[in-house]
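Below is one structure, written out as structure tokens; comments come after it.
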Amino acid sequence: MNATAFFTRVLSWLTRSRLTVDNSMVKELDLDRFLGSWYEVARFDHFFERGMSQTKANYVLRDDGNIDVINTGIKNGKPKTAKGRAKLTDNPALFRVSFFGPFYSDYRVMLVDADYRYMLIGSSSDGYLWILSRTPQLADSDSTAILSEATRRGYDTGKLIWVKQDLPALWSI
């Protein structure tokens with residue numbers, strides 16, 4: 001076994017052993033409705049987005065059947081972009097996403113509105129949670145529904161960082 005495979009297995013074991021939440025996925029996901037631009041309304045804190053506002057994700061189907069993931073945001077007044085790739089799996093609500101070379105992480109669609117207006121996204125560990133929306137702000141009733149679902153699943157919603165989306169956009173995706 002090469003070093004990359006060994007490291008990936010150890011990392012997978014470590015994150016799997018921390019799971020204290022229900023991160024089960026939706027039963028069905030319409031990929032065509034999923035694709036496109038989503039605002040990041042809230043997230044758990046993690047180093048790769050720390051201090052960012054106006055964060056958005058754009059999902060674009062590639063010719064090879066996978067998905068380009070383009071994340072944008074503003075940090076210290078400057079635009080930042082991270083480009084990644086999502087591999088499809090046998091489960092339409094589970095993607096394997098990579099922004100860092102050969103290392104992939106689970107991206108789990110745990111809740112999606114019937115009209116694809118908002119989503120609750122998790123991973124294989126309890127340390128990641130995102131609320132995405134097609135609009136910069138959620139209606140109060142939508143926020144209540146999403147937070148209720150996240151709480152029911154065991155996530156500490158008090159740890160969510162609500163992303164500032166009210167600044168003038170420097171670009172659009």
Side-chain angles (χ1 to χ4, degrees), residues 8 11 14-15 18-21 23 25 29 33-62 66-87 93-113 116-140 142-151 153-173:
T8 302
L11 186 60
L14 289 172
T15 58
R18 296 182 41 218
L19 189 63
T20 61
V21 296
N23 66 353
M25 296 159 283
L29 184 76
R33 294 181 78 191
F34 166 84
L35 295 171
S37 295
W38 292 87
Y39 290 89
E40 186 180 88
V41 176
R43 66 173 179 260
F44 279 176
D45 186 33
H46 37 74
F47 75 93
F48 49 90
E49 286 187 293
R50 188 165 290 139
M52 293 188 75
S53 62
Q54 292 181 261
T55 49
K56 288 177 79 175
N58 194 30
Y59 304 102
V60 180
L61 189 62
R62 298 163 43 117
N66 291 310
I67 299 171
D68 279 329
V69 181
I70 303 112
N71 288 343
T72 58
I74 305 295
K75 185 169 185 172
N76 298 325
K78 297 178 184 169
K80 300 288 182 187
T81 301
K83 294 181 181 178
R85 184 173 104 174
K87 292 182 181 180
L94 173 65
F95 303 94
R96 302 285 297 148
V97 178
S98 176
F99 288 94
F100 310 107
F103 303 106
Y104 284 81
S105 297
D106 281 1
Y107 184 95
R108 297 167 172 257
V109 180
M110 301 186 305
L111 172 71
V112 64
D113 171 61
Y116 284 70
R117 294 177 301 127
Y118 60 78
M119 293 190 296
L120 181 65
I121 306 296
S123 72
S124 59
S125 81
D126 56 4
Y128 296 95
L129 189 68
W130 292 270
I131 297 174
L132 303 181
S133 172
R134 294 291 189 183
T135 59
Q137 306 295 324
L138 285 170
D140 289 342
D142 293 340
S143 291
T144 299
I146 296 167
L147 292 174
S148 176
E149 177 65 10
T151 299
R153 290 171 169 269
Y155 287 93
D156 180 357
T157 59
K159 293 180 4 183
L160 283 168
I161 295 170
W162 294 90
V163 180
K164 291 181 183 178
Q165 293 286 0
D166 56 350
L167 304 172
L170 295 182
W171 70 84
S172 63
I173 58 172

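Both backbone and side-chain heavy atoms feed into the values below; hydrogens, waters and symmetry mates do not.
- The closest side-chain heavy-atom distance from Met110 to Leu129 is below 4.5 Å.
- Between atom CH2 of residue Trp38 and atom OG of residue Ser133 there is a gap of 7.5 Å, rounded to the nearest 0.5 Å.
- Counting only heavy atoms from C-beta outward, the side chains of Val41 and Ile146 never approach each other to under 4.5 Å.
- Closest approach of Tyr155 to Tyr128, counting heavy atoms only: CE2-O, 3.9 Å.
- In this structure, Glu40 CD and Ile161 CD1 are separated by 9.0 Å, a value rounded to the nearest 0.5 Å.
- In terms of heavy atoms, Thr135 sits closest to Tyr39 at C-CD1, 3.3 Å.
- Between the NZ atom of Lys75 and the CE atom of Met52 there is a distance of 7.0 Å, given to the nearest 0.5 Å.
- The heavy-atom pair separating Ile67 from Leu61 by the smallest distance is CG1-CD1, 4.3 Å.
- Listed for the Ser98 side chain is a donor-acceptor partner under 3.5 Å among the backbone atoms of Phe103.
- Of the possible donor and acceptor atoms, one in the side chain of Arg96 sits under 3.5 Å from a partner among the backbone N and O of Tyr104.
- Not a single donor-acceptor pair under 3.5 Å links the side chain of Ser148 to the backbone N or O of Thr144.
- What you find for Leu132 and Tyr59 is that their closest heavy atoms are CD1-OH, 3.8 Å.
- With contacts defined as side-chain heavy-atom distances shorter than 4.5 Å, the pair Asn23/Asp126 does not qualify.
- Ionic pairing of Arg85 and Asp68 is not present here: no N-O contact between side-chain nitrogen and carboxylate oxygen is shorter than 4.0 angstrom.
- Nearest approach of Ala57 to Asn71, heavy atoms of both residues: CB-OD1, 3.2 Å.
- Between Gln54 and Lys56, every side-chain heavy-atom pair lies at or beyond the 4.5 Å cut-off.
- Side-chain contact between Val109 and Met25 is absent, with no heavy atoms from C-beta onward closer than 4.5 Å.
- Between Asp45 and Arg50 there is a salt bridge, since at least one side-chain N of the basic residue sits less than 4.0 Å from a carboxylate O of the acidic one.
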Check the pair Asn58 / Ser37 against side chain to side chain contact (heavy atoms under 4.5 Å, CB included), numbers first and verdict last.
CA-CA 4 Å; Asn58 194 30; Ser37 295; 3.2 Å; yes
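- With a 4.5 Å cut-off on side-chain heavy atoms, Leu29 and Tyr116 count as touching.
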Val69 and Phe99: CA distance, side-chain angles, deciding distance, side chain to side chain contact (heavy atoms under 4.5 Å, CB included) verdict
CA-CA 9 Å; Val69 181; Phe99 288 94; 3.6 Å; yes
Could you go step by step and tell me if Leu94 and Asp106 meet the side chain to side chain contact (heavy atoms under 4.5 Å, CB included) rule?
CA-CA 7 Å; Leu94 173 65; Asp106 281 1; 3.8 Å; yes
Test ring pair (Phe, Tyr, Trp, His ring centres under 6.0 Å) applied to Phe95 and Phe34, step by step:
CA-CA 12 Å; Phe95 303 94; Phe34 166 84; 5.1 Å; yes
Stepwise side chain to side chain contact (heavy atoms under 4.5 Å, CB included) test for Met119 and Val112:
CA-CA 4 Å; Met119 293 190 296; Val112 64; 3.7 Å; yes
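- The two residues Thr157 and Ala150 make their nearest non-hydrogen contact at CG2-CB, 3.7 Å.
- In this structure the side chain of Arg43 reaches within 4.5 angstrom of the side chain of Thr55, judged on heavy atoms.
- Put simply, the side chain of Leu120 reaches to within 4.5 Å of the side chain of Ile131, judged on heavy atoms.
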